[in-house]
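Note sheet for the following structure.
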There are 2 protein chains.
Amino acid sequence: MNMLVDGEWRTDAYQATNEDGEFDRDETSFRDWIQDDPDAEFPADSGRYHVYISRACPWAHRVAMTRRLKGLEDDISLSIVEPVRYDDGWEFSEEYPDPLYGEPYLRDVYTRADPEFTGRVTVPVLWDKERETIVNNESREIMRMLDTEFEGPDGVDLWPEGYREDVDAAIDDIYETINNGVYRAGFADAQEAYENAVEDLFDALGHWEEVLDDRRFLVGDVLTEADVAMFATLIRFDHVYHTHFKCNRQAIHEYPNLWNYTKDLYQIPGIAETVNVDHITRHYYMSHADLNPKRLVPTGPDIDFSAPHNRDRLPADLPPALRADATAADD
Amino acid sequence: MNMLVDGEWRTDAYQATNEDGEFDRDETSFRDWIQDDPDAEFPADSGRYHVYISRACPWAHRVAMTRRLKGLEDDISLSIVEPVRYDDGWEFSEEYPDPLYGEPYLRDVYTRADPEFTGRVTVPVLWDKERETIVNNESREIMRMLDTEFEGPDGVDLWPEGYREDVDAAIDDIYETINNGVYRAGFADAQEAYENAVEDLFDALGHWEEVLDDRRFLVGDVLTEADVAMFATLIRFDHVYHTHFKCNRQAIHEYPNLWNYTKDLYQIPGIAETVNVDHITRHYYMSHADLNPKRLVPTGPDIDFSAPHNRDRLPADLPPALRADATAADD
């Protein structure tokens, strides 16, 4: 990727590693909050907000999934950027235009919010169409806002009372080891940094493989934001992280519980439509020339997210809209 | 790799692809034959020949395996080059010296044989210590010579009467699709060339997976040169070709028959000692900067070639020295 640094567009400032070759992810820049309060600076009004996402990006995927699980499609508009990122960063195209301003690049949306913006131009972006600025570009916070500040038509609550501490602990727990862990492995510049990241990653996957042996979801029988965060990484793992980021000790489809869990979530109504394997694979393999100079995109692996899973054996407390037979029942 | 071109050492002349981005492997250069005939130009005398190999290279592995299966360790000396190949090509080191001349690079052995040598400096090299020249550097031919022109103490014959046409057909069949197929995928410069190679490769693997369902070895119940050629690719597949060459549609350990077949061969007495996973992984990941610029070496996959296999259910006609319990019986 690339950054705006003092108004200059720099293509060499991303994937920054420290002196030990370890990947350090920079903090995101916009951290305001939508609130379910008409007097708030950013009130939770239907139709007021827009999210810019990439179908490739796992951080953006959290937001697209939350929006869909909550049934907020009519309340928050969404648009998609081109999957492959070249020297100018995330860009719009005829197929994936900027629906608000017709800008050519996502960086133009950032400088529209702040002409003095300095930092990484990332997705997701939560945009306020009324004040014409970025509310927030931190995926975990946008996920939480959509979840807690908007009601949604189906009564879906991904941060339910009684589980909140566990959800937050799980999100914390999987962030460094799994969600960012694959990046720590893939963007490492030194063998030891890579090996440490891979060890943390597979230790954590082994832990959750065990947890999921008698638990339908990460914190119990309820689907939560922690599952959204976990799914965004697992669904990309075998196609991208395993090969491109060299996280090849084991594939997710070789873990009985993690693999069935991934398929279980994929088969929740609406989730499959948030997954675009073509965008995912083309993005990673074609955007990181420093990892894959020839930009060839692998054709594997041969796996099927729609295949049967055995997770029905475990109790689940899901609202009707999120049950796998919900779509069929509507027919 | 790199080549000697008109006496000049060129580092840019290997991995040549044609205008469609397809990898074209050059012909090898030295094609003389050892013969089991005292009057031959190169008679099959014990102690006269040396083979230079790399533990990393599948072509060299054919020769090391044949020498070991035939029990020719006392007849033909062998030395190993450094696994990682930098700008000067295959090189010797303190740990892996040139035992004959103390040369620093393998190219020096080539120019010792032919001061005007022009071409790729590859392993294996079959060297005549008496005439001080290269007899042959084509792995298939060296494998055949060691097999048919030397007797060996154990009566091992890898090109047995009654199977010879089938063996040659199998070697032909797996060469372009599998042995060289992984290179056609990995060294492709264009998406279509890569995809064609991968399709040929997995079609062929699928074919042999079926064949091995009721056949212990590629041509029947006898171990042959075809199995040697196949094994040299399969043993490297999951560690290297799957990830580094993007042959990630399926891993060998996900094919029941191919995987058990690989373990079966690995467990033949002496074969495990010809396999060096450290040399294999370091060679590929660190030598091809155009595929893996950071030269990081993956730690996966987590597989065990010594694990049980189910191939004993199929009939095998193996000489006693090659039976898996032979080593144990010697204790």
Mind ranking His253(B), Arg295(B), His239(B) by heavy-atom pairs under 4.5 Å with chain A and telling me who comes out on top? His253(B)
With a strict 4.5 Å heavy-atom criterion, list every residue of residues 192-203 of chain B that contacts chain A, or say none. Tyr194(B), Glu195(B), Val198(B)
Inter-residue atom distance His242(B).NE2 - His242(A).NE2, 0.5 Å rounding: 5.0 Å
Does the Lys294(B) side chain pair with the main chain of Phe187(A), one donor and one acceptor, at a distance under 3.5 Å? yes
Mind checking which of residues 298-306 of chain B sit less than 4.5 Å from chain A, heavy atom to heavy atom? Pro298(B), Thr299(B), Gly300(B), Pro301(B), Asp302(B)
Flag the one option from Asp238(A), Val297(A), Asn292(A) with the top tally of heavy-atom pairs under 4.5 Å to chain B. Val297(A)
Should we count CD of Glu27(A) as having more than 12 external heavy atoms under 6.0 Å? no
What is the minimum heavy-atom distance between Ala190(B) and Leu296(A), and which atoms define it? C-CD2, 3.6 Å
Okay, Ala251(A) and chain B: the region with an atom under 4.5 Å from a heavy atom over there is neither
As an exercise, state the distance from CE of Met286(B) to CD of Gln191(A), rounded to the nearest 0.5 Å. 7.5 Å
